[in-house]
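Atoms within a ligand are numbered from 1 in the order they appear, just like the ligands themselves. Positions are given from 1, in the same order as the sequence printed here.
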Amino acid sequence: MISNVKFSAIRMFAAYDVTTLNDPISREEIIKAVESAKVRTATGFDKIPAEVLKNPTAVELLFVICNGCFELGKVPEQWTTGIINLIFKTGSDDRKNPMNYRGITLVSVPSKIYCHVLNSRLNEWMEANKTLCDEQNSFREKRSCEEHIHTFNKRICKHCSITGICLKEHHFKTVKELKKDTQAILNSLSVYKEVVKMNRQVTNDIKWIMKGICGMSVVKDCTDFQKTKQKSGVYTIYPDKSGSVKAYCDMAPETGGGWTIIQRRYDGSVNFQRTWSEYENGFGNANGEYWLGNKYIHRLTSSGTYELKVVLISSSKTKGFALYKTFVVGDAASKYTLTVGGYSGNAGDSLAYHNNMQFSTTDQDNDKSSSKCVTNFGPWWHNDCNKSGLNKKLSTGLYWFAFDQKCSKSVMMIRRIY
Ligand SMILES: [Ca+2]
């Protein structure tokens with residue numbers, strides 16, 4: 001499990017949709033896993049106890065680390081190392097007899113959190129897809145050992161004449177056990193106070209783990225790669241903290257570099273007549289033709305000031321460009337409304353007509369026309385209908401009214417100015 005490289009549809013589940021299993025790990029999943037981590041337990045190789053991970057800073061770092069590991073399909077080597085400890089069996093008397101010991105393996109707590117996320121995700125998926133039969137009780141939510149113990153305990157209580165052993169609302173706990181639990185809570189409080197003091201040191205330690213072990217740092221967009229002088233190519237970017245996406249970064253000196261490509265057409269290998277959900281989440285291949293995804297374009301352009309550059313090759317192979325100093329795509333509730341302005345370039349302004357328009361796709365007609373603009377001009381921020389349509393069928397030519405109605409190639413890219 002720990003050295004996983006994403007989930008795939010194995011033959012047994014071939015009929016099921018496994019795409020959600022490979023979604024980036026969400027912050028909520030991390031929080032749930034961190035909350036469930038037991039305190040006052042032994043640490044693994046990295047000596048990081050669960051207590052120090054139960055704060056917002058650590059959650060943020062775990063969020064980044066786990067996503068990095070999930071994306072890379074690798075985990076830090078320390079996570080694959082266990083410390084084997086021998087525990088003397090309670091009730092035994094002879095400490096010299098090896099048979100009176102049992103072995104336990106101590107592993108890194110952050111790795112347990114990562115496993116918990118993957119395990120919960122698989123469990124939820126299996127329950128939702130009903131891939132387990134009802135008799136499979138082991139390790140399943142609401143079908144735990146406790147269920148069996150509870151039944152067992154009830155049967156004993158039925159025949160039990162000693163009052164006070166079986167408490168109301170706590171059928172499976174004795175007074176002694178409840179007292180023990182209360183003491184554990186009080187002990188945890190004192191540990192928590194110590195943890196708050198340690199917080200600064202822990203933050204630094206986890207940053208070190210993130211940079212040193214996972215060998216990665218988080219980048220918002222291709223503009224961030226300018227700092228580290230990266231070459232053009234496909235990179236994983238984190239438009240915001242809710243997830244990552246693969247994008248092609250144009251870092252060529254002649255373009256000034258730092259451009260995140262949001263759309264590219266040139267060989268017709270990818271179909272662009274697609275649905276709302278496909279445009280929302282993106283499609284195609286970042287190495288070839290693709291659409292980054294409206295949700296990612298929104299997250300980026302609403303979090304800073306971005307410029308948009310449209311580069312076109314006409315049917316007669318001349319090159320043109322349109323640069324917009326203002327480019328914002330609204331959220332899903334606004335139906336990814338376009339805000340565009342500040343044109344310059346030599347291809348003419350064929351986007352101004354689409355300013356303040358909602359996005360339309362094959363299954364959502366949000367245009368101002370009585371007809372459905374998407375049918376002939378592809379998904380776009382259609383008005384009535386358009387002055388541009390760069391997502392229409394490549395075989396019929398891409399549409400940029402002021403330059404060429406049958407362009408053979410297009411690239412749309414954005415760059416953060418502030
Ligand atoms: Ca219409």
The O(Ser369)-the Ca ion (ligand 1)-OD2(Asp365) angle, to 10°, is 160°
Would you call Asp224 and Arg416 a salt bridge, using N to O less than 4.0 angstrom?
yes
Under 6.0 Å from the six-membered ring centre of Tyr399 and within 45° of its axis: does the NZ or CZ of Lys392 meet both?
no
Check the angle between the aromatic planes of Phe359 and Trp381 and answer parallel, tilted or perpendicular using the 30° and 60° thresholds.
perpendicular
Parallel, tilted or perpendicular, judged at 30° and 60°: which one describes the rings of Tyr279 and Phe272?
perpendicular
The Ca ion (ligand 1) - closest N/O/S atom in Asp367:
OD1
Measure from the Ca ion (ligand 1) to each N, O or S atom of Asn366 and report whether any distance is below 3.0 Å.
no
